[in-house]
Amino acid sequence: MTVIDSPLPDKEREIAGNALQATLVDLLDLSLVAKQAHWNLYGPRFRSIHLQLDEVVTTTREYADTVAERAAALGVSPDGRAATIAATSGVPAFSPGWTKDVDAVEALVRIFSGVVERVRQRIEQTGPADPVTQDLLIGLTAELEKQSWMFQAESRA
C-alpha cells in the first residue's frame with residue numbers, strides 16, 4: 001500500500017525504490033561503522049582520523065535523509081530500522097573494541113570501495129527508470145568517492 005501517489009509508473013517506481021532502499025541501508029550502516037570507529041580509535045593519528053570519521057557520519061546521515069525523502073516522494077516507504085539494516089546492508093561488519101588508527105583507515109578504505117561499487121551499479125539501474133533518482137545517486141557517489149580518496153590517502157601515509 002502507498003499513501004503517496006508516485007509520479008512514476010509501477011515498474012520504474014519499483015526500480016528506483018529498490019535502489020533507494022538499498023542505498024539508504026548502506027548509508028545508515030556506514031554512519032554506524034564510522035561512529036563505532038570514531039569511539040574506539042587509538043594511535044598516533046587519532047585526532048585527524050577521529051575528525052575525518054565525524055565528517056563521514058555527517059555526510060552519510062545527511063545523504064541518508066535525502067535518499068529516504070526521495071523514496072517517500074516516489075511513494076516508497078523508506079525503512080531505516082536497525083533490524084532492516086542488520087539484515088540487508090552490504091557494508092561489512094566492523095570489529096568491536098579498540099581499533100588502531102591504521103586498522104580503522106584500512107577498514108574504511110575497503111568499506112568505501114564496496115559502497116561506491118554498489119551505488120554505481122544502482123546508477124546504471126536507475127538511469128532508464130528515473131533520471132532524478134539517478135542524479136541523486138550520482139551526487140552521492142561523488143561525495144563517497146571523495147571520502148574514499150581521503151581514507152586512501154591516509155592509508156598510504
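Just the heavy atoms: all of them, side chains too, but no hydrogens, waters or symmetry mates, feed the values below.
With hydrophobic clusters built from ILVMFWY side chains whose heavy atoms lie under 4.5 angstrom apart, Y63 shares a cluster with V33. There is a path of hydrophobic side-chain contacts, each under 4.5 Å, that joins I123 to L24. There is a path of hydrophobic side-chain contacts, each under 4.5 Å, that joins I138 to L144. By the rule that hydrophobic residues join a cluster once side-chain heavy atoms approach within less than 4.5 Å of another member, V109 and V115 end up as members of one cluster. I49 and V102 fall into different hydrophobic clusters, where Ile, Leu, Val, Met, Phe, Trp and Tyr are joined by side-chain heavy atoms under 4.5 Å apart, directly or via other members.
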TODO: Output, in order, the C-alpha distance, side-chain angles, deciding distance and verdict of side-chain contact (heavy atoms from CB on, under 4.5 Å) for L51 and F46.
DONE: CA-CA 9 Å; L51 295 173; F46 167 83; over 6 Å; no
Task: Verdict with supporting geometry, L108 and L53, side-chain contact (heavy atoms from CB on, under 4.5 Å) - done: CA-CA 9 Å; L108 269 292; L53 289 164; 4.1 Å; yes
Open item on the list: I'd like to know whether R122 forms a salt bridge (Lys or Arg N to Asp or Glu O under 4.0 Å) with D26, so could you lay out the CA-CA distance, the side-chain angles of the two residues, the decisive distance to 0.1 Å, and finally the verdict.
Closed with: CA-CA 12 Å; R122 295 173 197 139; D26 279 355; 3.2 Å; yes
- [ ] In sequence, state the C-alpha distance, the side-chain angles, and the governing distance for V132 and L74, and then conclude on side-chain contact (heavy atoms from CB on, under 4.5 Å).
- [x] CA-CA 11 Å; V132 176; L74 295 178; over 6 Å; no
TODO: Could you please spell out the steps behind the side-chain hydrogen bond (donor to acceptor under 3.5 Å, both in side chains) verdict for D79 and T84?
DONE: CA-CA 7 Å; D79 187 353; T84 302; 2.8 Å; yes
Task: T60/D29 under side-chain contact (heavy atoms from CB on, under 4.5 Å): CA gap, chis, key distance, verdict - done: CA-CA 9 Å; T60 53; D29 201 5; over 6 Å; no
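Taking CG of L27 as the start and OG of S89 as the end, the distance is 9.5 Å to the nearest 0.5 Å. Atom CZ of R45 and atom CD of Q52 lie 9.5 Å apart (nearest 0.5 Å). From R120, atom CZ reaches atom CG of L137 across 11.5 Å, with rounding to the nearest 0.5 Å. Between atom NE2 of residue H38 and atom OG1 of residue T99 there is a gap of 12.5 Å, rounded to the nearest 0.5 Å. Put simply, CG on D101 and OG on S48 are 8.0 Å apart, with the number rounded to the nearest 0.5 Å.
Residues F112 and V56 have side chains in contact (heavy-atom distance under 4.5 Å, counting atoms from C-beta outward). Inter-residue side-chain proximity for V76 and E14 is flagged as unmet; no heavy-atom pair is nearer than 4.5 Å. Side-chain contact between D65 and E62 is absent, with no heavy-atom pair separated by less than 4.5 Å. The shortest distance between side-chain heavy atoms of R118 and V91 falls below 4.5 Å. Taking 4.5 Å as the limit, every side-chain heavy atom of P78 sits out of range of all side-chain heavy atoms of L20. Between F94 and L32, the closest side-chain pair of non-hydrogen atoms is not below 4.5 Å.
Looking at D130 and R70, a side-chain N of the basic residue comes within less than 4.0 Å of a carboxylate O on the acidic one, giving a salt bridge. Under a 4.0 Å N-O distance rule, the pair E55/K146 does not qualify as a salt bridge. At a threshold of 4.0 Å, the pair R13-D10 counts as salt-bridged, since one of the basic side-chain nitrogens sits closer than that to a carboxylate oxygen.
Considering every non-hydrogen atom in both H50 and L41, the closest pair reads N-CD2, 3.5 Å. Looking at every heavy atom in both residues, S77 comes nearest to Q21 through O-OE1, 4.2 Å. Between S31 and V57, the shortest heavy-atom distance links the atoms O-CG2, 3.6 Å. For L28 against A64, the heavy-atom pair with the smallest separation is CD2-CB, 3.8 Å. Among all heavy-atom pairs drawn from P96 and Q36, the shortest one is CA-NE2, 4.3 Å. The heavy-atom pair separating V25 from I85 by the smallest distance is CG1-CA, 3.8 Å.
Counting only N and O atoms by type, the side chains of Q152 and S148 include a donor and acceptor under 3.5 Å apart.
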